[in-house]
Each structure stands twice: as C-alpha cells, then as structure tokens.
**Q** 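Questions regarding the structure given below will be posed in turn.
Order of the sequence lines sets the chain letters (A, B, ...), proteins ahead of strands, with each chain counted from 1. Predicted model, so just to flag it, every value in this text is computed and none were measured.
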Protein chains: 2
Amino acid sequence: MNRFENMDTFIRVVETGSISGAADRAGVAKSAVSRRLKELEEHLGVQLFHRTTRRINLTDSGRAYYHQCVRILEDVLEAERATSQAHATLKGSLKVALPATFGHMHMGPAINEFILENPQIEFDLDFNDRAVDLMQEGFDLAIRIAKLPDSSLIARRLAPVELVLCASPAYLEKHGVPQSLDDLANHQCLVYSLTRDSEHWLFNSPQGGLEKTRIRPYLKASSGEFLRCAAVDGLGLAYFPSFIVFEEIERGTLVPLLSEYTCSDLNAYAIYPQTRHLSQRVRAFVDFLVKRFDGVPYWDRCLHT
Amino acid sequence: MNRFENMDTFIRVVETGSISGAADRAGVAKSAVSRRLKELEEHLGVQLFHRTTRRINLTDSGRAYYHQCVRILEDVLEAERATSQAHATLKGSLKVALPATFGHMHMGPAINEFILENPQIEFDLDFNDRAVDLMQEGFDLAIRIAKLPDSSLIARRLAPVELVLCASPAYLEKHGVPQSLDDLANHQCLVYSLTRDSEHWLFNSPQGGLEKTRIRPYLKASSGEFLRCAAVDGLGLAYFPSFIVFEEIERGTLVPLLSEYTCSDLNAYAIYPQTRHLSQRVRAFVDFLVKRFDGVPYWDRCLHT
DNA sequence: TCTATTGTTCTTTTATTGAGAACAAATATT
DNA sequence: AATATTTGTTCTCAATAAAAGAACAATAGA
C-alpha cells in the first residue's frame, strides 16, 4: 500500500468533493481513486466518508484525518524542497583535505578569495599530508599532489607541479655544485618523509628517459616548509616542488641545479568521490580553483622566463 | 514510487548503519533497500550517503533529511493512531435523528442514562418526525417507528410497537362506544398527519386477517403529544402507539377500545448506514438501546397483564 | 594473501496498480 | 412520471512496479 499516494488522493477527493472530480484532476481512473480510499479506510479501520452511490460526505474522523494529511504532505514537500535546495544552492559546508605546504602557500589565498565571493559556504579545512579516505571521513573534496589521479575518484587537474633540485649558495660553496645525477650520491639530501620511496629521486632526463637516482637521506621530515628552511640554511640538497621554493629561488637564497632534468608529470589535483549527485558547492569550488590555477602557475613564471 | 516506504527504509539504513542490516531488519532483499535509496536520491537530486562498495556514511544533506523523515513518519503514525482510536474509543460525537414523541418520552431517559455511563460521548439530537437522509445530513444513527426496516440500511429492532384504539370516557359517553370496526366510520378520528395514508386505519383482526377501515379524519396533526391531549380532552378516537398513551390508559383518562384488534407488526428500530467501518460509539449506543428495550416494553406491561 | 562481507546491478518472478466496462443508485431533465 | 445522466463501486485484464536472488566488484579483516 502506498500510504503517500493514498493520502494525496484522499486530500484531492476532499478538496474536489467527489471521487470523479479527484480522478479527473489527478488524471487517473475513478476506480483507482475509489480503491485508494477504500484501502485507506481499511487501513485506518475508519469510515472517512459517508457515502451514497452518488455523493460522499466527510465523516468527523475523515475531517480530522484530512487536516493531518494536509500538514504531513506539506511537511514532506518542505523537507524535500529543503534537502534539494541545500544541495542546489551555494549554502552549506565544504570539508576539504589539503596537503600542508601547498595548502598553506597556495590554497589558502585561493580559498580566502572564494570565501569572499561565496560567504554562505563554510569551510572545514584539514591541512594534512597523509592520505585521507575521502568517504570514510566525510570529506567533500581533497587536494592532492600526485602523478596520476586515483581512478576511483573524480579528479580535476589544477596545476602542473615541477620538482626543482636546489640548494643554498652556502651549501654549494661548501660541498660543490653537482654536475650530474651521479654526483647526488655524494651529497646530503633533504627528504620528504611521506613519499613512497625516500631512498631515490626520479628525474626526467633531457633525452626523454626516466632516471632513478639513489640518494642519501640526510634529513627526513614530513613538513615541506621545515625542509625548505633547512635547505635555505644550507643543510643539503633539496628536490622540491617549485611551488615551495620559488620565492627562495627568485630571492637567490636557493639555487636551482641540473635544471635540464625535470619532473613534470606531477600535478595538483582536486579530487572528490564519484557520487551520483555532486553538490553544487563542490562543483563551484572546483571550478573556481581550476580557473584560478589555469595556465602557467604564478610560482613557475619566473623560472620559465 | 512509495515515498513513505522509501523514507522508512532510509531511516532504517541510517539507524542500522548499513544496507544489509536494514534489509535484514525489514525482512527484504538488500537489493530492494539499495534501489529505494537510489530512488530517493534521484528524486531529491541529492546524495544522501557517501558510499564505498562496503560502507555508507550520511552526508550533511542526508543527516538533515533524516531528522525530517523521522519527524514526518512519527506524524503519520500519530495521525493514523489518532484517527483509528477516535473510532475505536467511545469518544466523539453521535448525531442521532429520532421521532419527536417516542424520542421525548422513551429515548430521552435512555440517552440520559447512556450519557451518564459514557460521558465522553457528545450527542447531537434531532427530534424530527420527517424522514431524514442519514448520509446526506451526516447522521450516525436514526430511530424509526416502522413496519419493516429500510433494506439499504442496517436496522436493529429495539421494541415492538402496538397501536391502541382509545378515547376519553367523556367522548365515549357522548358518541357511544364503537362495537366493531364498521362503527369507526361514524366517529371523529384524530390522525397523525405524517402517515402515508391518513384516510385509513389498519388492524390485525383476531381471526388473523388484516382489516383496512376507512376513517373520517376530524383532526390531523404531526405531533403525537398534541393529539394525545386532544384525545384526553375528548376530541375523538385515537389509534396511537401504546408508548404514547399507556399512562393515560393506566390513569383511566383514555379507555382502550376493541382490544381484540391489534397492530403488532410495527417496531421501533435503530438504523444506521451500511458502512464498512461502524464506529464503536454507534455500536455501543445501539447495543445499549437494544439491551434497555429488551423484552416486553415497560409501557406495555400494564396492558398485557 | 585469502576469505567473508558489503553495496550495486542485472534478470526473473511476483505483486500491485490502473484502465475500462458493467452495474446500481440517485439526481436532473423532459 | 419516466427517462437520461451522473456518480461511486466492483470486477477483470493488462500494464507497471517492486522484490528476490544471483552475479559481481570492492574492501575490510584474518
């Protein structure tokens, strides 16, 4: 039995004052309307209408039930409207996971800008380099720096990420400037600890091949910003994303090395679960980010000119 | 789509925390549960759950919708409970149509007694001798004095009604005592005007036949009590129900005539519409009346002893 | 690594629902 | 008063929707 349909039909009958009328208005056969009423009455064990073969009149019970039905159906519609709209508008919260360094340095300003444009959206930002489970922890969105996106998730590429081998002038003066990848084995290396393989660095050689070079981790840390400081302080060689070190390179406190070798297949992605219904605020935010990071990233502009 | 069923399923899933669990608890296949959720989400255009292949987590929208669903379903149940109970309990009103004289003289005390036992029931009494349309005017019940009950209605026989031919001693002294039915033609007759045929009186003869006697209506009125007074005042012969005149006969202010002729196929009935669901208060009231009028009516006891 | 569990999807089976006609009763019309 | 029309109910049959159950993919736990 379809309670909802029956209640709706009952309301129609009450408001039309006849079964035929209600059937016409609803576009169904009057036999269907008659049966629904009968079903309702049997379910309730109550006579809803006084009837002759030609006329129906609400009973007291019917009148009381009618008012309740109207209220309930209004509530249902209101709940559906609210739920659908919460989704369709740019209201609500957005729980975003983002990597610490990229998040602080580049997502922060972007998010602030977005918030100014969309003040109804509340952000819940989790700056964290570990891989969070989007679904599990209820994230709407995550920002990832990765080679290829997770295929089980939707990914929008935000910006290319290049890794730059670099060191401080002081370090280079003390340990010499590496002339080839092979030289790296003799250097102190500053390594990001949450990488999959912290014993090797990968480079795209100018010839097009992929070079995997064994390195000696001198200092491992899970904070990009801490490692950048370490590099500036001359503690070792760094192979960092350009978005971390671009200012130091501009400023000359870090010097790029072996720049014929690159690592250009890394990207910053916005990823989100493959849901049937993407909330509009996720879409809006991702669209905003894609647009904002479009083209050559501002942190790479000095390097490429 | 069965909205309430889907909402109920959704609630079950939320409370169980899993689709399989909800399916088990509801005793349906999990595919059905899965489909219902999908249906709901598509209807709302909103993702209700974050899902992996193995786990589901409420979204913000889902949580908000959940609370509304719970409230709405409670309202539905409450409405149904209230409607069913109003019917099942002895609360509510009872609209009764009853003939004026019998109503005043015999139903009145009965109703008063019933009210004392069931103070929650409110009565709406229409004392009226015309034939009302039960459905049309929303009556729950009517009391009728009739030979046979209307077949389209449910009738419970309350009491036999006998007609008694009588007149006041003064009238008889003046006009003589009728010795046979044929004598009636020479008498002044007091006639109830709402009868079908006010030109004839019908009698069951002691031989078992039916005698139809032409009479001369001297005074016609639609009030039994008025006619009774007229009879007592010696205005003519009366052929009245014993329940109207029994006190006068006991007192001797009216004298029964030709008492070998009777009219015993009349009855007092409680009638009510043939509804699928008889309200309990109607049933209770009718049961009460049947019990109260059981046996030889008190107004006839003196006549039969 | 393997197993068991979970959610989804597909197909088949089952149940529900609507349409339409036939009917009975009551109102409107002639 | 007689007839025609309208109205609500009920029945059967067809269309539709829903459930069951198996198969599958993915994941969590052993």
**Q** Do the side chains of Val96(A) and Asp124(A) get nearer than 4.5 Å, heavy atoms only?
**A** no

**Q** Which residues within residues 9-23 of chain A lie with some heavy atom under 4.0 Å of an atom in DNA chain D?
**A** Ser18(A), Ile19(A), Ser20(A)

**Q** Rounded to whole Å, please give me the gap between CG in Leu37(A) and C1' in dG8(D).
**A** 10 Å

**Q** If you look only at distance, which donor and acceptor atoms sit under 3.5 Å apart when one is on a side chain in residues 278-290 of chain B and the other is two or more places apart or in another chain?
**A**
{"residue": "Ser279(B)", "atom": "OG", "partner": "Arg281(B)", "partner atom": "N", "Å": "3.4"}
{"residue": "Ser279(B)", "atom": "OG", "partner": "Val282(B)", "partner atom": "N", "Å": "3.3"}
{"residue": "Arg281(B)", "atom": "NE", "partner": "Ser93(B)", "partner atom": "O", "Å": "2.9"}
{"residue": "Arg281(B)", "atom": "NH1", "partner": "Ala86(B)", "partner atom": "O", "Å": "3.3"}
{"residue": "Arg281(B)", "atom": "NH1", "partner": "Lys91(B)", "partner atom": "O", "Å": "3.3"}
{"residue": "Asp287(B)", "atom": "OD1", "partner": "Arg156(B)", "partner atom": "NH1", "Å": "3.2"}

**Q** Report the distance from atom CG of Leu40(B) to atom P of dT8(C), rounded to the nearest whole Å.
**A** 13 Å

**Q** Should the pair Arg81(B)-Glu78(B) be classified as a salt bridge under the 4.0 Å nitrogen-to-oxygen rule?
**A** yes

**Q** Taking atom P of dT27(D) as reference, at what distance in whole Å does atom CG of Asn57(B) sit?
**A** 14 Å

**Q** Please confirm whether Phe10(B) and Tyr65(B) have ring centers closer than 6.0 angstrom.
**A** yes

**Q** Just the table, please: protein N/O against nucleotides 10-18 of chain D N/O, every pair under 3.5 Å.
**A**
{"residue": "dA18(D)", "atom": "OP1", "partner": "Met1(B)", "partner atom": "N", "Å": "3.4"}

**Q** Aromatic contact between Tyr272(B) and Phe139(B), with the criterion being ring centroids under 6.0 Å apart: yes or no?
**A** no

**Q** Starting from P on dA19(C), measure out to CG on Asp24(A) and report it in whole angstrom.
**A** 11 Å

**Q** How long is the line joining CZ of Phe49(A) and C1' of dT9(D), in whole Å?
**A** 14 Å

**Q** Starting at atom CZ of Arg25(A), determine the distance to atom P of dT7(D), rounded to an integer number of angstrom.
**A** 15 Å

**Q** Any non-hydrogen side-chain atom of Met7(B) less than 4.5 Å from a side-chain atom of Leu73(B)?
**A** yes

**Q** Calculate the interatomic distance between His50(A) atom NE2 and dT9(D) atom P; express it in whole Å.
**A** 14 Å

**Q** With a 4.0 Å cut-off, would you call Glu5(B) and Arg3(A) a salt bridge?
**A** no

**Q** When you compare the side chain of Lys212(A) with that of Asp197(A), does any pair of heavy atoms fall below 4.5 Å?
**A** yes

